[in-house]
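Encoded as structure tokens, the structure appears first; notes follow it.
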Amino acid sequence: MPERPLTPRHDPDARGFASDNYAGIHPEVLAAIGTANGGHQISYGEDVYTEHLTEVFRAHFGERAEVFPVFNGTGANVVGLQSMTDRWDSVICAATAHINVDECGAPEKVAGLKLLTVATPDGKLTPELVDTHAWGWGDEHRAQPRVVSFAESTELGTVYTVDEIAALVAHAHDHGMLAHLDGSRLANAAAALDVPLRALSTDVGVDVLSFGGTKSGLMFGEAVVVLNPDAARGIKYLRKAAMQLASKMRFVSVQFEALLAGDLWLRNARHANAMAALLAEKVADLDGVTLSRMPQANAVFAVLPTDVTERMQKRFRFYTWDESIGEVRWMTAFDTTEADIDAFATALAEELGAR
């Protein structure tokens, strides 16, 4: 059979608002993968790109930071949390946390952890909420609270301030617990607050961080970042045992270098955040739309009539968040354009008008 060039099997102009994971690879990241290609490099992280990656991450997170690239966010959370705990330990988290509702039980099944969940009004933990589970140490009948895990930004699109994280982490440490940050969208939070990445992590005492790459424009790849070396054990073994060790790791590492060595992470995050704010502005006054809250990063939550949601989902992909009240979630990404926002808002106005 004669060779023929591949042609796209999708519409390159199609846009959705279901997830920032729907976006493609940022051109600068894609170019970096090409730069790392060619020739042979030692596998499993002994390549020159992975060796240099520690320097790249330390520029953002401090001289004690250690970085372990993995394939995906669930893997980063599982490996990071497992390194911080013993088999009898538990993790306190928000009931809406990704580790609780969107990882198919992996922290429990793979890491063997008990998750102690807390209902929150906005997805954010507080010291007072942590105290609902911060007890029972020494009781052999109770899974021992060992880690407080929180996300920035949260699954509800909310953003912790620097002071809120500092208070939460200090409270965990005062109880002899450790602090884990699920930072799949940490870049968006830092951009929203106009602070460096370390202000939300290293500087406020976070022990271990899952740092997101895919949602920021990488093809694949996340990273476990150990900020307190005394808090984590055996990550290189746990990463392998959890099937998160990439053989051709140079292609993961070089993507993070493209993202973090300059300001690409910040440009992408600022743009995604700005598009979410624009989307909220465009739809806020439409009759039949109620914004659940004003966007703080790159997520917009709104309540729509069910029939409108069903028709809109045939035109643009997005998820229903809370079916009981008709709440939906719209996510923006680094490649969302103002034209995309206008097209979506126009379509929504049409569907509302058709009722």
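Predicted model only: the values in this text are computed from it and were never measured.
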Calculate, to the nearest 0.5 Å, the distance between atoms [atom1] and [atom2] belonging to [X] and [Y] respectively.
X    : Y    : atom1 : atom2 : answer
S201 : I165 : OG    : CD1   : 8.0 Å
R58  : T202 : CZ    : OG1   : 11.5 Å
H98  : T154 : NE2   : OG1   : 12.0 Å
L178 : D89  : CG    : CG    : 9.0 Å
K236 : E66  : NZ    : CD    : 11.0 Å
L186 : Y160 : CG    : OH    : 12.5 Å

Pair [X] + [Y]: basic N to acidic O under 4.0 Å:
X    : Y    : answer
E28  : R267 : yes
R185 : D20  : yes
D194 : R270 : yes
D86  : R146 : no
D322 : R329 : no

Which of parallel (below 30°), tilted (30 to 60°) and perpendicular (above 60°) describes [X] and [Y]?
X    : Y    : answer
F344 : W330 : perpendicular
W265 : H60  : perpendicular
F57  : F61  : parallel

Show your reasoning for whether side-chain hydrogen bond (donor to acceptor under 3.5 Å, both in side chains) applies to D47 and T50. CA-CA 6 Å; D47 61 274; T50 303; 2.8 Å; yes
Please test E222 against T214 for side-chain hydrogen bond (donor to acceptor under 3.5 Å, both in side chains), starting from the C-alpha separation and ending with a verdict. CA-CA 7 Å; E222 316 286 308; T214 311; 2.5 Å; yes
Within a radius of less than 6.0 Å around [atom1] of [X], do more than 12 heavy atoms belonging to other residues, nucleotides or ligands occur?
X    : atom1 : answer
E338 : CD    : no
W137 : CH2   : yes
D285 : CG    : no
D287 : CG    : no

Would you say [X]'s side chain and [Y]'s backbone share a donor-acceptor pair under 3.5 angstrom?
X    : Y    : result
T336 : A333 : yes
T320 : V328 : no
Q144 : D139 : yes
Q82  : L238 : no
Q255 : F220 : yes
D342 : A339 : no
R311 : L352 : no
Q41  : V48  : yes
T120 : A94  : no

Mind checking whether V147 and L227 sit in one hydrophobic cluster, side chains of I, L, V, M, F, W, Y counted as touching below 4.5 Å?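 No.
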I42 and V67: same hydrophobic cluster, using ILVMFWY side-chain contacts below 4.5 Å? no
Judged by modelled atom types alone, do [X] and [Y] share a side-chain donor-acceptor pair under 3.5 Å?
X    : Y    : value
H173 : D207 : yes
S153 : N188 : no
N77  : T74  : no
H271 : N298 : no
T96  : E155 : no

Under the rule for salt bridge (charged side-chain N to carboxylate O under 4.0 Å, His left out), what residues qualify as partners of R315, not counting sequence neighbours?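 For R315 the salt bridge (charged side-chain N to carboxylate O under 4.0 Å, His left out) partners, ignoring immediate neighbours, are E350, E351.
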Should T309 and T306 be marked as a side chain to side chain contact (heavy atoms under 4.5 Å, CB included) after you check the CA-CA gap, both sets of side-chain angles, and the distance that decides it? CA-CA 5 Å; T309 295; T306 301; 5.6 Å; no
Working for side-chain hydrogen bond (donor to acceptor under 3.5 Å, both in side chains), residues S210 and H180: CA-CA 8 Å; S210 297; H180 169 263; 3.2 Å; yes
For W135, is the NZ or CZ atom of R142 found under 6.0 angstrom from the centre of its six-membered ring and inside 45 degrees of the ring axis?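 Yes, R142 and W135 form such a contact.
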Residue pair [X] / [Y]: nearest heavy atoms and the distance that separates them:
X    : Y    : value
L259 : G212 : CD2-O, 4.4 Å
N273 : A192 : ND2-N, 3.6 Å
V225 : A65  : CG1-CB, 4.2 Å
V70  : R239 : CG1-CD, 3.8 Å
F318 : Q313 : O-NE2, 3.0 Å
V204 : A166 : CG1-CB, 3.7 Å

Can Q296 and T158 be said to form a side-chain hydrogen bond (donor to acceptor under 3.5 Å, both in side chains), step by step? CA-CA 6 Å; Q296 297 180 23; T158 50; 5.3 Å; no
Criterion side chain to side chain contact (heavy atoms under 4.5 Å, CB included) on F150 and K124, from CA distance to verdict: CA-CA 7 Å; F150 64 99; K124 294 161 67 172; over 6 Å; no
What verdict does the side chain to side chain contact (heavy atoms under 4.5 Å, CB included) test give for V29 and M219, after you've listed the backbone C-alpha separation in whole Å, the side-chain angles of each residue and the deciding distance to 0.1 Å? CA-CA 8 Å; V29 173; M219 178 169 68; 5.7 Å; no
Any chance you could lay out the side chain to side chain contact (heavy atoms under 4.5 Å, CB included) test for N72 and Q244, step after step, and finish with the verdict? CA-CA 8 Å; N72 54 48; Q244 289 291 318; 3.6 Å; yes
Checking one residue: W321. Which other hydrophobic residues are in its cluster under the side-chain 4.5 Å linking rule?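 Its cluster mates, by chain and number, are L156, F301.
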